[in-house]
Amino acid sequence: MCGIWAIFGSEEDLQTHFEKACKISHRGPDSFCMQNINHFTNCLFGFHQLAIMDDALGMQPMRIKEFPHVIMMYNGEIYNYKKLRDHYGFNFTSDCDGEVLIHLYGRGGIDFMAKMLDGVFAFCILDTKTKKVYIGRDTIGVRPLFRLYKEKQRVLAICSEAKGLLGIEKVEEANGISQLLPGHYEEYNLGNDGKAVFVCQNQFHSITVVPKWALETSCQIPNADHAANIQFLFTEAVTKRFMANRRVGCFLSGGLDSSLVSALASKFAQENGVDYPFQTFAIGMSTESTDLSAARKVAAHIGSEHHEIVFTPEQGFEVIEDVIYALESYDVATIQSAIGMYLVSKYIKEKTDTVVVYSGEGADELCQGYGYFHFAPNSKEAEMESHRLLNTMYLFCGLRADRITAAHGLEIRVPFLDHHTPKGGIEKELLRKAFDGTDLLPEQVLWRKKEEFSDGVSSVEKTWKAILQEHIENLVTDKDMKDAPEVYKFNTPQSKEAFYYRKIFERLFPNRSSLIPYTWLRKWMN
């Protein structure tokens, strides 16, 4: 997890740029670099480093002797960088996984590079020889990338979060700021004056297509039964994400998703001689909340060093504004689940030395884990809905996972969003059956019914969602709700809770409501 920021074609002064680039300093607390490029006076790169792989030689923007005309900056992890290095005989100058982007680009150009990356990433490449800029993002959009392009001024700016672009070139509206679509890259030309001109946008991959890297360098699936293959593929998805020079742990709610990830990651750590206890982290509003109770059983079963965080309603209320600022969102479902994640991430940052954190994010989208899938008219409709959720994760659950952990200088790893992770069966039926009888998890956890975050963390008396809504009830008047369609014409709040979050959002990000195109709702339910 790092923070990347860059601008091309700007005529503003350096001090102004510095202030904008530092808006995302939380994403990379270890070191910071801001760099001009010789002969490209209108170009500027800003990089906030969270040092996970080769902190000495992995600093960015990166440039190597073999391809001196290529300046690269990226945020993410490339899991097949060693396979690519060995497969093509690349001569690495560092142990940083991101260096492979330069070698791939030098070998086959931008399209070849993007298609060969197995990982999560957002990148920016300047080719000083061809005077081109390329920006791109992974298939699901696990790593964020916002861009601002001012066609008349011919200015391009990019950032890991929207807050680093606000105010550039006296932009008053948010229409110019948007997220780059996942699985796409864009190409820009730089004129002799350093100004940027948009050339094209290309899609290099989608969730339904076998990626080029898998055809050339992927693992071989064993000739075994279906359940064994699911075990093999998901285990590989977890273990290949253990690459880090910093301490690794896992969020553990006690549900199937995080429990499977925790168990496999802990097993890998024990079998490979990791020299620290594997830590797991659970949060709830009572020591008897169902999440904490289930997580406790899993931690005991897998032998992790387990941490429990119990929070009060007041502690949750206190961080709502910080959560909305981190998210850059006013979506109700996203905020509700982000509050607990914010508090546990804060605990990890302040009380431990864990920096890389596994998560079960993406399982509900991939494996039809949401309860409303039971109302799907047929399996085809259910599959289409699963694809829709995966393709829009970067606006909701994926956004939450990235921004909340990044707000505390943590890096999240999400093995369920690996291209090879198997899907199928409502409420993860195939996944549960594949690990049944393996003793990886307690049986009651393996077959535990899904609970929403609000229910799982709650006290026995009342759900977190109900507590939030009661707290907000008297903070928003009936007149506020009556006036809502006029005050907030776009994505008009439909509840007092939605109005309350929107009001905070508008104070933090005035007139930027278009950052969220619509709010998250269940399908097939009233």
Side-chain angles (χ1 to χ4, degrees), residues 2-9 21 33-49 53-54 56-78 80-138 143 145 147 156-160 180 184-192 194-202 204 212-213:
C2 296
I4 63 175
W5 183 98
I7 194 163
F8 304 90
C33 177
M34 205 157 191
Q35 183 177 323
N36 285 108
I37 305 300
N38 288 344
H39 312 299
F40 289 80
T41 55
N42 289 358
C43 300
L44 186 65
F45 289 85
F47 181 71
H48 297 274
Q49 184 186 40
M53 301 287 291
D54 196 346
L57 298 177
M59 193 59 186
Q60 300 176 38
M62 184 177 287
R63 202 172 191 173
I64 62 176
K65 187 175 182 180
E66 187 175 353
F67 302 103
H69 60 288
V70 180
I71 293 94
M72 184 279 298
M73 187 169 61
Y74 96 114
N75 166 35
E77 307 87 51
I78 310 302
N80 65 339
Y81 79 102
K82 289 183 178 179
K83 286 184 178 180
L84 292 167
R85 180 195 62 194
D86 297 342
H87 183 75
Y88 292 111
F90 294 149
N91 183 26
F92 269 42
T93 62
S94 73
D95 290 324
C96 179
D97 54 303
E99 185 181 335
V100 77
L101 274 74
I102 299 177
H103 291 281
L104 289 171
Y105 177 81
R107 179 182 178 88
I110 190 65
D111 195 69
F112 173 77
M113 183 206 83
K115 289 178 177 178
M116 291 303 295
L117 299 175
D118 173 16
V120 294
F121 53 85
F123 66 78
C124 176
I125 288 179
L126 168 63
D127 188 328
T128 60
K129 186 182 294 184
T130 62
K131 294 185 177 180
K132 288 185 178 293
V133 174
Y134 300 98
I135 59 175
R137 192 177 183 189
D138 67 77
R143 294 292 173 252
L145 188 62
R147 48 100 159 81
L156 169 68
I158 66 153
C159 189
S160 296
L180 182 66
H184 289 69
Y185 65 82
E186 290 184 346
E187 176 183 338
Y188 295 81
N189 285 334
L190 294 182
N192 292 330
K195 293 289 187 176
V197 177
F198 175 78
V199 176
C200 64
Q201 180 188 84
N202 290 315
F204 64 87
K212 182 178 176 67
W213 61 260

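Residue numbers start at 1 and run along the sequence shown.
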How many angstroms lie between atom CE of Met62 and atom CZ of Phe45, to the nearest 0.5 angstrom?
13.0 Å
Spatial distance of atom CG (Asn189) from atom CZ (Phe198) [nearest 0.5 Å]:
11.0 Å
Donor-acceptor pairs under 3.5 Å, side chain of residues 91-106 to any protein atom, not counting sequence neighbours: which ones?
unit_1	atom_1	unit_2	atom_2	d
Thr93	OG1	Glu99	OE1	3.3
Thr93	OG1	Glu99	OE2	3.3
Ser94	OG	Cys96	N	3.1
Ser94	OG	Glu99	OE1	2.7
Asp97	OD1	Tyr74	OH	3.3
Asp97	OD2	Tyr74	OH	2.6
Asp97	OD2	Ile78	N	2.9
Glu99	OE1	Thr93	N	3.2
Glu99	OE1	Ser94	N	3.0
Glu99	OE2	Thr93	N	2.8
Glu99	OE2	His103	NE2	2.9
Tyr105	OH	Asp127	OD2	2.5

Between Asn75 (side chain only) and Cys2 (backbone N and O only), is there a donor and an acceptor less than 3.5 Å apart?
yes
Drop me the distance from Gln60's CD to Met73's CE, to the nearest 0.5 angstrom.
7.5 Å
Can a donor-acceptor pair be found, under 3.5 Å and without considering hydrogens, that links the side chain of Arg137 to the backbone of Arg143?
yes
Taking only distance into account, with no hydrogens and no angle test, what donor-acceptor pairs under 3.5 Å do side-chain atoms of residues 112-123 form with protein atoms, sequence neighbours excluded?
unit_1	atom_1	unit_2	atom_2	d
Lys115	NZ	Asp111	OD2	2.9
Asp118	OD2	Lys240	NZ	2.8

Could you go through the side-chain contact (heavy atoms from CB on, under 4.5 Å) check for Met53 and Tyr81 one step at a time?
CA-CA 12 Å; Met53 301 287 291; Tyr81 79 102; 3.3 Å; yes
Let me confirm one number: the CG-CG distance from Leu126 to Leu190, rounded to the nearest 0.5 Å.
6.0 Å
Under 3.5 Å: donor-acceptor pair, side chain of Arg63, backbone of Pro68
yes
Are Val70 and Ile125 close enough, and set up right, to give a side-chain contact (heavy atoms from CB on, under 4.5 Å), and what steps lead you there?
CA-CA 7 Å; Val70 180; Ile125 288 179; 4.0 Å; yes
Would you say NZ of Lys132 has more than 12 non-hydrogen atoms from neighbouring residues, nucleotides or ligands within 6.0 angstrom?
yes
What I'd like to find out is whether the side chain of His39 reaches to under 4.5 Å of the side chain of Thr128, using heavy atoms alone.
no
Nearest heavy atoms of Cys124 and Val133, plus distance in Å
SG-CG1, 4.2 Å
Working to the nearest 0.5 Å, report the span between CD1 of Ile71 and SG of Cys43.
9.0 Å
Just so I know, are the side chains of Leu84 and Trp213 near enough to count as touching, which here means a heavy-atom distance under 4.5 Å?
no
I would like to know whether Glu186 and Leu180 meet side-chain contact (heavy atoms from CB on, under 4.5 Å); could you show each step before the answer?
CA-CA 8 Å; Glu186 290 184 346; Leu180 182 66; 3.4 Å; yes
May I ask you to decide if the ring planes of Phe204 and Tyr185 are parallel, tilted or perpendicular, using 30° and 60° as cut-offs?
parallel
Is the shortest side-chain heavy-atom distance between Trp5 and Met34 below 4.5 Å?
yes
Check whether any side-chain heavy atom of Leu145 lies under 4.5 Å from a side-chain heavy atom of Ile4, and answer yes or no.
yes
Mind checking the CD-CE spacing from Gln35 to Met59? Nearest 0.5 Å is all I need.
9.0 Å
